[in-house]
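Working notes, structure below.
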2 protein chains.
Amino acid sequence: MTMKTIEIKNAWQGNSDCNACTIRSSALFAELNEEDFSKIHSPIDDLRIEANTGIYSQGESAEYLFTLREGFIKLLHLNSDGSERIVRLVMPGDLFGMEALLGEAYSHAASTLSNVHLCRIPKAIIASLGEESPRLHRQIVKKWGEALVQSESWFSEINTGRIEVRLARFLLRVAKSSGDIAVAPLFKREDMGLMMDVKFETISRALASMAEQGLISNISRLSIQIPSMENLKKFSQAGLNA
Amino acid sequence: MTMKTIEIKNAWQGNSDCNACTIRSSALFAELNEEDFSKIHSPIDDLRIEANTGIYSQGESAEYLFTLREGFIKLLHLNSDGSERIVRLVMPGDLFGMEALLGEAYSHAASTLSNVHLCRIPKAIIASLGEESPRLHRQIVKKWGEALVQSESWFSEINTGRIEVRLARFLLRVAKSSGDIAVAPLFKREDMGLMMDVKFETISRALASMAEQGLISNISRLSIQIPSMENLKKFSQAGLNA
DNA sequence: CGTTGGTTTGAAAGGACTCAAGAGGGGTGG
DNA sequence: CCACCCCTCTTGAGTCCTTTCAAACCAACG
């Protein structure tokens with residue numbers, strides 16, 4: 001598994017204009033006002049990174065935290081025996097790498113599952129701003145909380161029961177209804193296996209089986225279609241198949 | 001599974017003297033000074049609760065957060081299909097029920113695995129104190145961070161690989177070396193199964209098998225002994241058995 | 001075209017689950 | 001104090017699901 005690392009020169013898109021950010025309402029700076037923004041001096045970089053690229057690795061000193069704007073990122077925790085698990089799937093609007101706020105090392109590795117667009121925020125900004133802005137502090141606490149809840153419910157739902165059920169819950173979680181039909185992105189089978197604690201062949205088989213049951217259709221490398229969200233939901237809750 | 005709920009009248013031990021708390025260094029109020037303490041007016045209750053008692057349930061409005069002083073507590077997340085998982089094992093010094101700080105409902109249920117001793121802190125205290133004490137804010141952020149890291153590494157280590165290996169990692173995590181021999185507490189097999197996503201019979205078999213291999217000894221309902229931490233550690237990392 | 005990385009599919013082996021019976025411990029009432 | 005009950009834990013045998021090892025397939029790319 002070769003893994004590129006970011007080359008900032010190529011990825012750099014300019015400094016962010018956070019004030020005008022399109023996902024600002026869901027991002028870290030949601031509650032900041034003009035005055036708060038005026039206090040930001042260090043540069044917040046706006047990066048685009050291609051799929052399957054490492055952003056940071058576990059144990060590395062945490063200097064930045066990140067907001068994901070577009071795409072998907074996996075957070076990989078590696079165990080003492082060398083095995084690894086995906087402990088969180090970062091979705092647009094989510095913060096990650098918050099260990100930077102604690103002045104610690106990253107407790108997991110982060111890498112891209114798709115092409116992504118993200119903001120990289122130096123920890124110094126938060127430290128200095130945090131002293132003066134209770135609003136930011138509140139927002140940070142909130143984000144930590146969301147991360148924890150996300151992590152725990154992810155953990156509980158994606159890792160309990162038969163794989164087909166777990167996979168169904170996963171698909172419901174990442175699915176996007178664009179108009180009439182719902183589409184769910186897929187990732188490398190290997191990665192999906194790391195999320196649900198099964199081998200990649202098992203993911204492949206589960207997808208095939210669910211397609212046979214009519215729960216999903218149009219399996220391709222990177223996505224599937226969901227003919228009926230209702231059916232899939234029912235399936236994920238009961239596992240009662242035909 | 002019958003479950004008592006706290007009866008405060010019986011459990012109440014008096015209001016806490018946080019300033020003199022023995023676990024204060026690791027608890028929420030670690031960094032508060034005299035002045036900060038003087039601002040605390042609402043009562044922080046000091047409770048003792050017996051084993052297998054519910055403290056709060058998922059979805060309940062979060063009015064308090066808790067610090068565990070003694071014993072073990074499980075945080076139970078229940079899925080939409082009714083299945084449930086233990087998402088975190090709370091150990092002495094840990095905070096839980098922090099959803100109260102976000103003004104939300106509890107995202108999981110909490111109940112005792114052993115007799116416990118804990119402090120119950122009304123959310124109002126944090127809200128009012130938080131406005132004025134950046135130290136407390138920093139401490140809260142830190143605690144959130146610890147909870148997240150704990151949750152993720154728990155998730156990754158206790159849920160990856162063969163059960164015997166998972167069980168070994170679990171034991172290492174809860175073991176206490178008192179002098180020469182190390183002892184690890186056990187819980188109801190059912191609960192242990194919910195932590196590692198296996199049936200309770202499987203836990204029972206895994207314990208028996210590990211005893212046969214000499215990795216653990218003196219299996220009883222509530223604890224085991226670990227003859228050699230080294231061996232167990234080696235086992236948990238490689239899974240190479242005899 | 002041939003190579004390469006990723007995905008699918010097959011068959012056999014292994015681990016966990018289910019159902020079921022039995023053993024151990026603690027508490028209660030006779 | 002003993003008998004009995006209930007709850008929990010252990011153990012057994014067969015089934016089901018996931019893994020393992022292999023081989024074939026597919027699409028992208030040089």
Salt bridge (charged side-chain N to carboxylate O under 4.0 Å, His left out) evaluation trace for B:Asp197 with B:Arg166: CA-CA 10 Å; B:Asp197 192 33; B:Arg166 305 216 292 260; 5.6 Å; no
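- At least one test fails for B:Arg120 against the ring of B:Phe66: distance under 6.0 Å to the centre or angle within 45° of the axis.
- Within the nucleic acid shown, B:Leu222 has no heavy atom closer than 4.0 Å to any nucleic acid atom.
- Between the A:Ser114 side chain and the A:Gly71 main chain, no donor and acceptor come within less than 3.5 Å of each other.
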Going 5' to 3' through nucleotides 11-19 of chain C and flagging B where a protein heavy-atom sits under 4.0 Å of the base, S where only the sugar-phosphate is that close, and - otherwise, we get B---SSSBB
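- To the nearest angstrom, C1' of C:dT7 lies 12 Å from CG of A:Leu186.
- Using a 4.5 Å heavy-atom threshold, the side chains of B:Arg85 and B:Leu76 count as separate.
- Distance, B:Ile224 CD1 to D:dC9 P: 15 Å, rounded to whole Å.
- Nucleotide C:dT8 holds its P atom 13 Å from the CD atom of A:Glu190, rounded to whole Å.
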When the side chains of residues 87-100 of chain B are checked against the rest of the protein, which donor-acceptor pairs come out under 3.5 Å, sequence neighbours left out?
unit_1, atom_1, unit_2, atom_2, d
B:Arg88, NE, A:Glu152, OE2, 3.2
B:Asp94, OD2, B:Met91, N, 2.9
B:Glu99, OE2, B:Ser107, N, 2.9
B:Glu99, OE2, B:Ser107, OG, 2.8
B:Glu99, OE2, B:His108, NE2, 3.4

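- Nearest nucleotide to the B:Phe200 side chain, out of D:dT10, C:dG24, C:dG5: D:dT10.
- Atom CD1 of A:Ile203 is separated from atom P of D:dT18 by 10 Å (rounded to the nearest Å).
- Regarding B:Asp191, its CG atom lies at a distance of 16 Å from the P atom of D:dC7, rounded to whole Å.
- We find that CZ of A:Arg221 is positioned 8 Å from P of D:dA28, with the value rounded to whole Å.
- Counting only heavy atoms from C-beta outward, the side chains of A:Val116 and A:Thr53 never approach each other to under 4.5 Å.
- If you measure from atom CG of A:Leu207 to atom P of C:dT8, you get 7 Å, rounded to the nearest angstrom.
- For the pair A:Glu157/B:Asn79, a side-chain contact is recorded, criterion being any heavy-atom separation below 4.5 Å from C-beta on.
- Computed from coordinates, the B:Leu194 CG to D:dT8 C1' distance equals 15 Å when rounded to whole Å.
- At D:dT10, one or more side-chain N or O atoms of B:Arg189 fall inside 4.0 Å of OP1 or OP2 (strictly under the cut-off).
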